[in-house]
Chemist: 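My questions will all concern the structure given below.
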Amino acid sequence: MDNDVEVLSSMRYEGSARRSQTYNKTFVDHIWNFFSSVRVGVWLIILILVAAAIGTIFPQETFIPPNVDPATHYESEYGTLGLIYYLLGFHNLYGSWWFIILLGMLGVSLIIASLDRGIPLYKALKTQRVTRHDQFMKKQRLFSISKEAELDEIKYTLESLRYKVREENGNLFAEKGRFSRWGAYVNHVGLIIFLLGAMLRFFPGMYVDEILWVREGEKASIPGTKSDEGQYYLENKEFILEMYDKKDKKFNGALSSVNGEVAKNYQSNVTLYKTKPNHTIGEDPELVKVQDGEIRVNEPLKFDSFALYQTDFKLNEFSKMSFELEEKATGKKFGKLTVDLHDPKKKYDLSNGYKVEIEEYFPNFILNEQNQPSTINNLPDNPAFVFSMYSPKTPKGEKAFVGIQKNIEAGENQFKMSFAGIETKDLTALTVKKDHTLWIIALGGIIFMIGVTQGLYWNYRRIWIKQNQDGVWAAAHTNKNWYGLKKDLDFLVDKTGITPLVEKETDPK
Amino acid sequence: MAEISSTLLYGAFIIYLFATLFFAMSLSDKKHEKAAHTQKWGKIGFITSCVGFAAQLGYFITRWIASGHAPVSNLFEFTTFFGMMMVLAFIILYAIYRTNGLGVFAMPVALLVIAYASMFPKDISPLIPALQSDWLKIHVTTAALGEGILAISFVSGLIYLIRTVDQSISSKKTMWIEIVLYTLVSVVGFIVISAAFKGLGYEASFEIMNDQNQPEKIVYEMPVIAGPANGEPLDDSFGPVFSTPSWMNGVDASIKLNTFIWSLLSGAVLYGLLRVILRKRIGAALQPKVKIKSELLDEISYRAVAIGFPIFTLGALIFAMIWAQEAWSRFWGWDPKEVWALITFLFYAAYLHFRLSRGWHGEKSAWLCVLGFWIITFNLIAVNLVLVGLHSYA
């Protein structure tokens with residue numbers, strides 16, 4: 001009975017002996033007590049909330065253009081505020097150590113607060129008695145004293161409302177929806193599993209995230225997919241880009257109001273191959289076809305534990321350039337050559353003593369800071385060449401620098417390379433993903449939703465009936481939805497004629 | 001089909017207006033709350049709301065048929081749907097609690113949301129590849145339903161504050177109530193002013209350099225207070241008073257900022273007029289009109305969170321993550337819209353902990369519900385219009 005008096009202050013944890021309220025000596029006790037506090041937990045939630053909001057003021061580093069230096073980008077784009085944002089490290093907020101630590105602390109708080117409360121509460125609710133202390137009854141929010149009451153009728157009525165009723169020495173205890181009290185703990189378990197799943201990503205073998213560019217008509221090995229059984233390869237047969245027809249009547253209004261076109265479909269038609277097991281790197285692999293597939297946005301290609309997502313594309317990349325050797329004076333042509341821009345040959349023999357050599361090749365030409373010809377990278381976006389042209393008339397060769405709309409000669413040449421066409425190819429970019437943590441994260445999400453629904457859509461209602469000298473006492477409590485409890489009680493009063501339970505004036509604070 | 005659809009939406013709007021009026025009639029009775037008069041008009045108001053909802057459902061279905069996809073794919077469609085979900089949430093909560101006063105406030109807020117929506121381009125737009133998925137309808141409708149229910153907790157919380165905060169003296173609390181009411185009045189101002197300038201056919205053009213460094217013409221439909229960051233006026237109309245800061249780089253940021261300023265200004269004029277007419281704070285004028293028991297209001301606002309929070313989590317986070325995994329190969333990418341959905345989730349999680357573990361009932365809880373709705377509208381409006389990200393397809 002003493003226990004009852006103690007719990008008057010709070011019905012929440014049923015006066016159960018929580019570790020955090022019992023021990024306060026060692027270092028571990030202090031840590032435990034700190035994290036078991038709901039106040040600390042809520043503060044952590046608020047800190048994470050505020051930090052997350054700050055991270056959306058300016059775009060995060062991952063959303064700024066890939067070629068710019070963040071150190072200067074934030075200041076040039078957003079002024080002094082941008083510079084401060086960058087200096088404080090907010091441009092990479094969600095990956096910062098302190099944000100991760102906050103998330104970790106929230107995880108610890110979830111575990112400790114749940115253990116600290118859940119286990120004692122379970123014990124307390126399991127062993128709760130039918131007969132409660134007078135003080136306990138009186139202090140309930142809903143309470144009444146009836147002159148007399150038919151106990152069997154009360155019991156029968158409450159059972160008809162699907163309460164579980166226990167009887168002891170002429171006193172009654174009716175409860176309904178006890179399981180909803182576990183909702184909070186179930187959803188916390190779900191969240192802990194979710195966070196653990198998110199952490200598992202950093203363990204090797206659990207997670208692959210690569211990007212794969214493939215040209216039309218080419219095969220490429222898929223990064224991250226090598227195993228003892230072999231390596232996957234992908235052939236890009238065709239990349240398709242479709243736009244909405246501006247004349248389409250249905251969307252006419254919307255399409256005519258935008259500049260440019262609106263994309264309808266990004267699609268890669270591919271064939272998946274696999275090598276035979278144990279092939280050695282460097283050898284030309286012997287590929288076995290696995291399957292054909294079409295990859296669209298929202299429709300990844302899935303195989304084994306991998307998935308390929310349509311992520312990006314590049315249209316009309318230069319692939320081959322053709323030139324003709326031309327005598328300037330006569331305009332006569334002496335043969336054509338086609339340069340594969342990804343794999344140019346050194347020499348092109350045009351027979352009859354005519355030939356062309358490539359002295360230098362700049363796939364993506366630029367004049368560098370020293371004013372020297374150079375290349376930005378290996379992508380043939382702006383190809384330029386230094387050609388040596390040989391003919392029976394000019395056996396020593398003539399040099400010319402040739403690029404797009406450029407033709408610079410060292411001296412006065414007799415021959416020139418005239419442009420004779422270009423071939424282009426489309427490229428597709430696919431994200432290669434393997435994620436063994438997904439099912440754990442999904443499991444956590446499902447458990448969380450079950451727990452939240454259990455805790456918020458149901459409630460734990462309790463009614464105590466006690467026979468005292470001055471009459472029959474009735475008291476009722478619910479953890480939420482008092483409106484529903486009162487409806488139950490109205491029904492009970494109506495059926496049994498006990499004094500209506502009245503609500504105590506609740507403290508407005 | 002598209003015409004039937006817009007007629008139905010227009011019809012729904014008018015019917016909601018009448019529903020508000022009927023609920024207001026139920027309160028105007030000076031006699032006891034339970035008078036037959038109150039019950040009669042409350043019932044009529046409720047039935048009218050249901051009819052209005054049915055009309056709007058008709059709009060939704062016919063527009064779906066006309067466009068071939070769920071009409072939740074641009075700001076007009078989503079915001080309209082959000083208003084519709086608010087009405088649904090109100091209907092559900094009214095069915096439980098039968099509180100006429102809730103209708104007097106909930107229906108106008110839903111009306112404001114729908115009227116606000118109608119200011120965006122209403123054309124049926126085609127779906128970009130990222131949106132071509134069944135998850136569009138599943139994710140967006142569930143999220144909007146959750147937000148609609150949470151919005152009712154705001155309405156109920158606001159009535160609680162109007163009902164209980166001491167209006168005999170001017171305090172910080174009365175000031176904040178006025179700020180919230182002024183914000184609502186500004187939405188009215190926005191609608192009035194946009195409709196007015198549209199009626200006048202006002203236009204002012206500028207030439208700006210776009211992201212690709214190409215000259216582009218942009219057209220304001222209101223007198224220009226906030227001009228574009230680097231723009232040349234193409235005609236000799238009024239303004240600009242100042243230039244929009246260059247870090248505001250959403251789509252058409254300067255036009256939106258300009259509209260925002262006009263909304264605040266016209267809101268201020270309307271609010272000032274109301275103050276002059278009423279000769280007291282609007283909160284003080286409303287206080288004697290709301291006679292609902294404060295415990296009941298507290299209970300309704302909490303119940304709305306209890307029902308809305310799981311639905312919001314399911315729609316705006318879990319379904320969103322499943323879709324993001326399918327479309328973008330990662331279930332989470334810290335996109336501003338995602339982050340603000342997470343912030344909303346964390347906020348209501350904090351609310352529930354304050355309420356259930358720390359005993360924050362009544363007034364504190366009501367203030368939190370008001371703040372929660374601010375977060376939801378911020379995510380709806382500002383994240384699309386001001387911040388850039390994957391969801392800025394307005």
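Quantities reported herein were computed from a predicted structural model and do not represent experimental measurements. Order of the sequence lines sets the chain letters (A, B, ...), proteins ahead of strands, with each chain counted from 1.
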Chemist: Donor-acceptor check, side chain of B:Gln325 to backbone of B:Phe331, threshold 3.5 angstrom: yes or no?
Modeler: yes
Chemist: Validate the cation-pi geometry between B:Lys364 and B:Trp360: distance from NZ or CZ to the six-membered ring centre under 6.0 Å, angle to the ring axis within 45°.
Modeler: yes
Chemist: Need one label for A:Leu438: side chain, backbone, both or neither, based on atoms under 4.5 Å from any heavy atom in chain B.
Modeler: side chain
Chemist: What about B:Phe378 and B:Trp374, are their ring centers closer than 6.0 Å?
Modeler: yes
Chemist: Tell me, for A:Tyr483 versus chain B, whether the close heavy atoms (under 4.5 Å) come from the side chain, the backbone, both or neither.
Modeler: both
Chemist: Provide the closest heavy-atom pair for B:Phe78 versus B:Val140 in the form atom of the first, atom of the second, distance.
Modeler: CD1-CG1, 3.3 Å
Chemist: Below 4.5 Å from any heavy atom of chain B, which atoms of A:Thr431 appear? Answer side chain, backbone, both or neither.
Modeler: side chain
Chemist: What I'd like to find out is whether the side chain of B:Phe347 reaches to under 4.5 Å of the side chain of B:Thr344, using heavy atoms alone.
Modeler: no
Chemist: Considering the options A:Gln310, A:Arg296, A:Glu294, which one meets the side-chain hydrogen bond (donor to acceptor under 3.5 Å, both in side chains) requirement together with A:Ser268?
Modeler: A:Gln310
Chemist: Non-hydrogen atoms of chain A under 4.5 Å away: do they reach the side chain of B:Ala66, the backbone, both or neither?
Modeler: backbone
Chemist: In terms of heavy-atom proximity below 4.5 Å to chain B, should A:Ile45 be classed as side chain, backbone, both, or neither?
Modeler: both
Chemist: Does some side-chain heavy atom of B:Ile300 sit less than 4.5 Å from a side-chain heavy atom of B:Asp298?
Modeler: no
Chemist: Between A:Leu456, A:Val297, A:Asn298, which shows the greatest number of heavy-atom pairs under 4.5 Å with chain B?
Modeler: A:Asn298
Chemist: Shorter than 4.5 Å, heavy atoms on both sides: which option in A:Asn481, A:Val452, A:Val262, A:Val42 has the most such pairs with chain B?
Modeler: A:Asn481
Chemist: Does any heavy atom of chain B fall under 4.5 Å from the side chain of A:Tyr309, the backbone, both, or neither of them?
Modeler: side chain
Chemist: Is A:Tyr266 close to chain B through its backbone or its side chain, or both, or neither, when contacts mean heavy atoms under 4.5 Å?
Modeler: both
Chemist: Given heavy-atom pairs under 4.5 angstrom as the criterion, report whether the side chain, backbone, both or neither of B:Leu352 touches chain A.
Modeler: side chain
Chemist: CG of B:Leu342 to CG of B:Leu317: how many Å apart, nearest 0.5 Å?
Modeler: 6.5 Å
Chemist: Below 4.5 Å from any heavy atom of chain B, which atoms of A:Arg39 appear? Answer side chain, backbone, both or neither.
Modeler: both
Chemist: Identify whether the distance between the nearest side-chain nitrogen and carboxylate oxygen of B:Glu77 and B:Arg63 falls below 4.0 Å.
Modeler: yes
Chemist: Counting only heavy atoms closer than 4.5 Å, note whether A:Phe194 contacts chain B via side chain, backbone, both or neither.
Modeler: side chain
Chemist: Where on A:Ala263 is there a heavy atom nearer than 4.5 Å to chain B: the side chain, the backbone, both, or neither?
Modeler: both
Chemist: Relative to chain A, which segment of B:Glu326 carries a heavy atom at a distance below 4.5 Å: side chain, backbone, both, or neither?
Modeler: both
Chemist: Would you say that B:Ser133 contacts B:Trp323 through its side chain, given a criterion of any heavy-atom pair below 4.5 Å between the two side chains?
Modeler: yes
Chemist: Heavy-atom distance under 4.5 Å to chain A: side chain of B:Leu314, backbone, both or neither?
Modeler: both
Chemist: Using non-hydrogen atoms only, which part of B:Tyr302 is less than 4.5 Å away from chain A: side chain, backbone, both, or neither?
Modeler: side chain
Chemist: Less than 6.0 angstrom separating the ring centers of A:His91 and A:Tyr74, yes or no?
Modeler: yes
Chemist: How are the rings of A:Phe58 and A:Tyr85 set relative to one another: parallel (under 30°), tilted (30 to 60°) or perpendicular (over 60°)?
Modeler: perpendicular
Chemist: Chain A heavy atoms under 4.5 Å from B:Phe309: which part of the residue, side chain, backbone, both or neither?
Modeler: side chain
Chemist: Counting only non-hydrogen atoms closer than 4.5 Å, does B:Pro121 touch chain A with its backbone (N, CA, C, O), its side chain (CB onward), both, or neither?
Modeler: neither
Chemist: What part of A:Lys302 lies closer than 4.5 angstrom to a heavy atom of chain B: side chain, backbone, both or neither?
Modeler: side chain
Chemist: What part of B:Ile322 is in contact with chain A, defined as an atom under 4.5 angstrom from a non-hydrogen atom: side chain, backbone, both or neither?
Modeler: neither
Chemist: Who among A:Trp43, A:Phe448, A:Phe251 has the most heavy-atom pairs with chain B under 4.5 Å?
Modeler: A:Phe251
Chemist: Identify which part of A:Asn265 has an atom lying under 4.5 Å from any heavy atom of chain B, answering side chain, backbone, both or neither.
Modeler: backbone
Chemist: If we define contacts as heavy-atom pairs under 4.5 Å, which of B:Pro129, B:Ala327, B:Gly68 has the most with chain A?
Modeler: B:Pro129
Chemist: Test A:Lys480 against A:Tyr460 for side chain to side chain contact (heavy atoms under 4.5 Å, CB included), laying out the working first.
Modeler: CA-CA 8 Å; A:Lys480 59 178 78 72; A:Tyr460 184 33; over 6 Å; no
Chemist: Quick one: what part of A:Ile441 sits under 4.5 Å from any heavy atom of chain B, side chain, backbone, both or neither?
Modeler: side chain
Chemist: Where does the angle between the aromatic ring planes of A:Tyr185 and A:His188 fall among parallel (under 30°), tilted (30 to 60°) and perpendicular (over 60°)?
Modeler: perpendicular
